Trainee: 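Sharing a structure below in structure tokens format, with a few things to ask.
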Amino acid sequence: QICSCDPWWEEERYTDGSKWRFLEHKGPVFAPPYEPLPDKVKFYYDGKPMKLSAPAEEVATFFAKMLDHEYTTKDIFRKNFFKDWRKEMTSEEKSKITDLNKCNFAEMNEYFKAQSEARKQMSKEEKQKIKEENERLLQEYGFCIMDNHKERIGNFRIEPPGLFRGRGDHPKMGMLKRRIRPEDIIINCSKDSKQPKPPPGTKWKEVRHDNKVTWLASWTENIQGSIKYIMLNPSSRIKGEKDWQKYETARRLKKCVDHIRTQYRDDWKSKEMRIRQRAVALYFIDKLALRAGNEKEEGETADTVGCCSLRVEHIKLYPKMDDQEYVVEFDFLGKDSIRYYNKIPVEKRVFKNLQLFLENKQPEDDLFDRLNTSILNKHLQELMDGLTAKVFRTYNASITLQQQLKELTCPDDSIPAKILSYNRANRAVAILCNHQRAPPKTFEKSMQNLQTKIDEKQNQLSAARKQLKAAKAEHKASHDDKSKKAVEVKRKAVHRIEEQLMKLQVQATDREENKQIALGTSKLNYLDPRISVAWCKKWGIPIEKIYNKTQREKFAWAIDMAEKDYEF
DNA sequence: TTTGCGACTTGACATGACCTAC
DNA sequence: GTAGGTCATGTCAAGTCGCAAA
């Protein structure tokens, strides 16, 4: 029997495909029931107040809460919302409320704004009380026992009902996400565990004991009909082990990537169209870190693509552009409808192949018509055990970080300067992976504030320098101990201010360069944490400067095991 | 071979907690 | 103490990929 105080990364792993032997938990926490609006808060139809039935009112509040959001101005959103809302109405309501444009939710909207304002204005004691209640819920429902460990659950609260917020041009935006009841929930736990109890008067849909999966509970959502899960926190053994394994697979790719590259370059010359397509697609995945690009059901989701699902309309070929030859311009919407735009020169063979793939095709035709992710991944599997398209993203991200850190870290730099270098290396990866963010709403202003600080510091510095100069002159004249001391004091002051100024300037540079780039995703999902840990150890950077508390918990295994000479 | 489903990872954004300058 | 800003944490949508059934 394994000692429960051992960290999981020093334990044996299961080799039979099972994920656990023992699993006990208390089940999910349900969304609080709907609280009807006070009578004074009115909904108006066609200018006249109208009392809604509770179910219709609840759905109306979902819309009312979003009035300030761009969503509610979109046609599809309004149409989908109205259709689903009407399903919740009584027949009288249905016959009366026939036009969303005649609905006035303003009072409801104001009410919710006032509520959230009131929440902010609550006294310390009230806030403390809420905090304690949350803590109690976390202690009771937020943990489970998996094998010998007490583990944190990632999402123990069931998603509350609301209006579906799809990203990009989603055909289903605005649809009603219905309330999940115990009768919708499948519980997964071990037979010999104390089973979670459903709320009084209710039943679970099913209780099963499947140790080939990692989830504790699941339900089917009503928008896409997909299954949602309650799973463990990233700090858990079950997630950590998998994460570690992912980086080990990427490291194995490192060993054979040269060979794979040689092969796909060779395949550009293949007699078979499908092989050429596969080889060009793989080149893009490798060079540009594109996602695989599964097919999607048309009309069910936003129209986005990845590598294999690229269409003719998404690329443009330029035999010559400025001083470069064979340039490919990519312009498409990727995951989450984030735009990918890139112009890159490619090798002549790739270019000629692309021209060939484009022949006699319409803009909406597939670029790689003889290829899909399943074909590609089957091929990759033959090249290396466990190799799939996404391993290239992991590999290229991690190797880029390692190489950039080597290149950018100056041994003599101060700690803040070294951290800037780290962030720059991280940024190179984020750019490679196209991890974007909307510039923070307060960006311009906070940048200005920082600049003001820098200016002030600069003034301080010149003042301090003047004082130092004066002190030196004084000392030269008097040669006494007192003036000597004064010089030292002033010198130290100048030095301190210089450092402060440097720190501010570094901060400004970092922030400016980071305006539209999101570092979090790559840090959390693509960069082998051992690279960062090793870098910290090598340069004496406290790990807290790189990883916050949550991240340190997730990467505890790496922090424990990576030494300063770790090589990805 | 195609399709759909299930399980899991990845992703941007919203929200809440906390910190700092006034 | 508070307003404003920043950072951590939570949310939940949207991908990837394997597998089994059609």
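Note that the structure is a prediction, hence the values are computed from the model and not measured. So that the names make sense, note that chain A is the first sequence line, chain B the second, and so on, each numbered from 1.
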Trainee: Using a strict cut-off of less than 4.0 Å between a Lys/Arg side-chain nitrogen and an Asp/Glu carboxylate oxygen, indicate whether A/D210 and A/R208 qualify as a salt bridge.
Mentor: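 A salt bridge is absent here (no side-chain N lies under 4.0 Å from a carboxylate O).
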Trainee: For A/E297, answer base if it contacts any base atom (sugar-phosphate contacts may also be present), sugar-phosphate if it contacts only those atoms, and nothing otherwise; contact means non-hydrogen atoms under 4.0 Å.
Mentor: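 The residue A/E297 makes no contact with any strand.
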Trainee: C/dG10 phosphate, OP1 or OP2: any side-chain N/O from A/R152 under 4.0 angstrom?
Mentor: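 So the side chain of A/R152 is within the cut-off, an N or O lying under 4.0 Å from OP1 or OP2 of C/dG10.
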Trainee: May I ask you to decide whether A/D243 forms a salt bridge with A/K246, counting only side-chain N to carboxylate O separations under 4.0 Å?
Mentor: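 A salt bridge links A/D243 with A/K246.
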Trainee: Between A/R437 and A/K515 (side chain of the first, backbone of the second, donor and acceptor by atom type, cut-off under 3.5 Å), is there such a pair?
Mentor: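 Between the backbone of A/K515 and the side chain of A/R437 there is a qualifying donor-acceptor contact (under 3.5 Å).
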Trainee: Output the single nucleotide from B/dA7, C/dC12, B/dG11 whose closest atom is nearest the side chain of A/Y229.
Mentor: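 Nearest nucleotide to the side chain: B/dA7.
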Trainee: Should A/K177 and A/E159 count as an ion pair when the cut-off is N to O under 4.0 Å?
Mentor: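 Salt bridge: yes.
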Trainee: Check this one for me: any side-chain N or O of A/R393 less than 4.0 Å away from OP1 or OP2 of B/dG11?
Mentor: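 For B/dG11, OP1 or OP2 has a side-chain N or O of A/R393 closer than 4.0 Å.
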Trainee: For A/F164 and A/Q551, find the nucleotide of DNA chain C closest to each by heavy atoms; which residue's nucleotide sits nearer the 5' end?
Mentor: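 Result of the comparison: A/Q551.
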Trainee: Measure the distance from CG on A/N233 to P on B/dC8 and round it to the nearest whole Å.
Mentor: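 Nearest whole value for this atom pair: 16 Å.
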Trainee: Given B/dC8, C/dC12, C/dG18, identify the nucleotide with an atom nearest to the side chain of A/N377.
Mentor: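 Minimum distance to the A/N377 side chain belongs to C/dG18.
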Trainee: So what does A/R291 touch, heavy atoms closer than 4.0 Å: a base, only the sugar-phosphate, or nothing?
Mentor: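 Sugar-phosphate, no base atom in range.
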Trainee: For A/R119 and for A/Q436, locate the closest nucleotide of DNA chain B by heavy-atom distance; then report the residue assigned to the nucleotide nearer the 5' terminus.
Mentor: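 Result: A/Q436.
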Trainee: How would you label the contact of A/G306 with the nucleic acid (heavy atoms, under 4.0 Å): base, sugar-phosphate, or nothing?
Mentor: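 Answer is nothing: A/G306 stays at 4.0 Å or more from every strand.
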Trainee: Is A/A389 touching bases, backbone alone, or none of the nucleic acid, heavy atoms closer than 4.0 Å?
Mentor: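 Here A/A389 touches the backbone only, sparing every base.
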Trainee: Side-chain N or O of A/K335 versus OP1/OP2 of B/dT9: is the shortest distance under 4.0 Å?
Mentor: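 No, A/K335 has no side-chain N/O under 4.0 Å of OP1/OP2 on B/dT9.
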Trainee: Between A/R167 and A/D336 (salt bridge meaning N to carboxylate O under 4.0 Å), is one present in this structure?
Mentor: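 Looking at A/R167 and A/D336, the cut-off is met.
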Trainee: Pick base, sugar-phosphate or nothing for A/P160, based on heavy-atom distances below 4.0 Å to the nucleic acid.
Mentor: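 Sugar-phosphate contact only - A/P160 comes under 4.0 Å of backbone atoms but never of a base.
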Trainee: Students often get this wrong, so: under 4.0 angstrom with heavy atoms, is A/I223 touching a base, only sugar-phosphate, or nothing?
Mentor: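 No contact.
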Trainee: Taking only side-chain nitrogens and oxygens of A/K131, does any of them come within less than 4.0 Å of OP1 or OP2 of B/dA17?
Mentor: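 Indeed not, no polar side-chain atom of A/K131 lies that close.
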Trainee: From the options B/dT9, B/dG11, B/dC8, select the nucleotide whose nearest atom is closest to the side chain of A/W215.
Mentor: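 Among the listed nucleotides, the one closest to the side chain of A/W215 is B/dC8.
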Trainee: Quickly work out the A/Q128 CD to B/dC18 P distance and round it to whole Å.
Mentor: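 The answer, rounded to whole Å, is 10 Å.
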Trainee: Are OP1 or OP2 of C/dT16 and a side-chain N or O of A/N294 less than 4.0 angstrom apart?
Mentor: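 Yes, such a contact exists.
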Trainee: So what does A/K378 touch, heavy atoms closer than 4.0 Å: a base, only the sugar-phosphate, or nothing?
Mentor: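 Touches nothing.
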Trainee: Considering only B/dC8, C/dC17, C/dG18, which nucleotide approaches the side chain of A/Q381 most closely?
Mentor: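 Selected nucleotide: C/dG18.
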Trainee: Taking OP1 and OP2 of B/dA7, is either one under 4.0 Å from a side-chain nitrogen or oxygen of A/K242?
Mentor: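 Indeed not, no polar side-chain atom of A/K242 lies that close.
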Trainee: Calculate the interatomic distance between A/E295 atom CD and C/dG15 atom P; express it in whole Å.
Mentor: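 Interatomic distance, CD of A/E295 to P of C/dG15: 13 Å.
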Trainee: When all nucleic acid strands are considered with a 4.0 Å heavy-atom cut-off, which category describes A/T304: base, sugar-phosphate, or nothing?
Mentor: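 Sugar-phosphate contact only - A/T304 comes under 4.0 Å of backbone atoms but never of a base.
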Trainee: Report yes if at least one side-chain N or O of A/N525 is closer than 4.0 Å to OP1 or OP2 of B/dT9; otherwise report no.
Mentor: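 Result: no.
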Trainee: Which sits closer to the 5' end of DNA chain C, A/V391 or A/F156, going by the nucleotide each is nearest to?
Mentor: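 Going by which nucleotide is closer to the 5' end, it is A/F156.
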Trainee: Measure CD/A/Q224 against C1'/B/dG4 and give the value in whole Å, please.
Mentor: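 Rounding to the nearest Å, CD of A/Q224 and C1' of B/dG4 are 14 Å apart.
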Trainee: Which comes earlier along DNA chain B counting from the 5' end, the contact point of A/N134 or that of A/T521, where each point is its nearest nucleotide?
Mentor: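 Looking at DNA chain B, the more 5' nearest nucleotide goes with A/T521.
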Trainee: What is the nucleic acid contact for A/K172, judged by heavy atoms within less than 4.0 Å: base, sugar-phosphate only, or nothing?
Mentor: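 Result for A/K172 = nothing.
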Trainee: Round to a whole Å and report the spacing from CD of A/E221 to C1' of B/dG6.
Mentor: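 Value for this atom pair: 13 Å.
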Trainee: Taking only N and O in the side chain of A/T214, is any of them less than 4.0 Å away from OP1 or OP2 of B/dA7?
Mentor: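 Checking B/dA7 against A/T214, no side-chain N or O comes under 4.0 Å of OP1 or OP2.
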Trainee: Rounded to whole angstrom units, what separation is found between the CD1 atom of A/I375 and the C1' atom of B/dT3?
Mentor: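 Interatomic distance, CD1 of A/I375 to C1' of B/dT3: 14 Å.
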Trainee: Salt-bridge test for A/E140 and A/R136: reply yes if a basic N is under 4.0 Å from a carboxylate O, no otherwise.
Mentor: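 A salt bridge links A/E140 with A/R136.
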Trainee: Please determine, for the side chain of A/A438, which listed nucleotide (C/dG18, B/dC13, C/dA13) has the closest atom?
Mentor: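 Among the listed nucleotides, the one closest to the side chain of A/A438 is B/dC13.
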Trainee: Using whole Å, what does the distance between atom C1' of nucleotide C/dA14 and atom CD1 of A/I338 come to?
Mentor: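 Taking atom C1' of C/dA14 as the reference, CD1 of A/I338 is at 12 Å.
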Trainee: Picking from C/dT11, B/dG11, C/dG18, which would you name as closest to the side chain of A/R157?
Mentor: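 Output: C/dT11.
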Trainee: Let me know the distance between CG of A/L138 and P of B/dG16, rounded to the nearest Å.
Mentor: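 So the CG-P distance, A/L138 to B/dG16, works out to 16 Å.
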Trainee: Kindly point out which of B/dA7, C/dA14, C/dC12 is positioned nearest to the side chain of A/K228?
Mentor: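 Of all the options, the side chain of A/K228 is nearest to C/dC12.
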Trainee: Looking at A/T373, I'd like to know whether one of its side-chain N or O atoms comes within less than 4.0 Å of OP1 or OP2 on C/dC17.
Mentor: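 Looking at the OP1 and OP2 atoms of C/dC17, neither is under 4.0 Å from any side-chain N or O of A/T373.
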Trainee: Between B/dT10 and A/H435, is there an OP1 or OP2 to side-chain N/O distance shorter than 4.0 Å?
Mentor: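 Checking B/dT10 against A/H435, no side-chain N or O comes under 4.0 Å of OP1 or OP2.
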Trainee: Could you tell me whether A/K74 and A/D169 have a side-chain N and a carboxylate O separated by less than 4.0 Å?
Mentor: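 Looking at A/K74 and A/D169, the cut-off is not met.
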Trainee: Pick from A/D365, A/D366, A/D303: which one makes a side chain to side chain donor-acceptor pair (under 3.5 Å) with A/R311?
Mentor: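 Single pass found, and it is A/D303.
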Trainee: Please state whether the phosphate of C/dA8, meaning OP1 or OP2, lies under 4.0 angstrom from any side-chain nitrogen or oxygen of A/K549.
Mentor: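 False: A/K549 side-chain N/O out of range (4.0 Å or more) of C/dA8 OP1/OP2.
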